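What you see is a predicted model, and the numbers here were worked out from it, not measured in a lab. Residue indices begin at 1 and follow the sequence shown.
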Amino acid sequence: MTQTASRKHPGTVANAGSAAAQGAAPDPAARPAPAAGRVRRLPQRWRKAILTLHVTAAVGWVGVEIAQLLLGVVGLATDDAGLIRATRVVMEILGIELIVGMPG
């Protein structure tokens, strides 16, 4: 092992004849102590549930934005006053209820 590798991994010993290389248990005192302010992690099941909720909300939000874009294009491309009004009403409902989330 090179000197650089020893500096990167201070717990390793460059000597091939060491106790760790021969299969002996490492000295517990040689291990670094855990940090005093260590943050506890969520269980794997909770992390997966939160990630699923996050991805679902993000994809839904992007879907609402795509729907608004398409409604805007339809409203701009038509000459029918009723259709223009309808697209604006639906865009307003989508914008207030789903994007802002204000109860109405």
Side-chain angles (χ1 to χ4, degrees):
M1 199 181 296
T2 65
Q3 182 65 22
T4 305
S6 296
R7 267 190 256 132
K8 288 182 182 177
H9 306 287
T12 61
V13 178
N15 186 357
S18 68
Q22 295 174 0
D27 181 20
R31 292 187 202 147
R38 188 172 182 194
V39 179
R40 293 178 58 194
R41 295 182 69 173
L42 285 174
Q44 187 70 21
R45 179 175 280 177
W46 278 98
R47 291 178 68 215
K48 285 183 180 181
I50 291 172
L51 179 64
T52 302
L53 178 66
H54 170 74
V55 169
T56 303
V59 169
W61 199 351
V62 169
V64 169
E65 293 298 328
I66 290 171
Q68 289 227 3
L69 176 67
L70 293 175
L71 285 167
V73 169
V74 167
L76 288 173
T78 187
D79 292 331
D80 184 10
L83 185 59
I84 293 172
R85 222 176 359 259
T87 57
R88 292 197 58 179
V89 168
V90 172
M91 286 175 70
E92 184 177 348
I93 291 171
L94 288 174
I96 291 173
E97 298 296 328
L98 295 178
I99 300 298
V100 179
M102 297 176 68

(message) Working to the nearest 0.5 angstrom, can you tell me the gap between L42 CG and K48 NZ?
(response) 13.5 Å

(request) First locate atom OG1 of T87, then atom CD of Q68, and finally report the distance between them rounded to the nearest 0.5 Å. (result) 10.5 Å

Exercise answer: donor-acceptor pairs, residues 70-84 side-chain atoms, under 3.5 Å, sequence neighbours excluded:
from : atom 1 : to  : atom 2 : distance (Å)
T78  : OG1    : D80 : N      : 3.2
D80  : OD1    : G82 : N      : 3.3

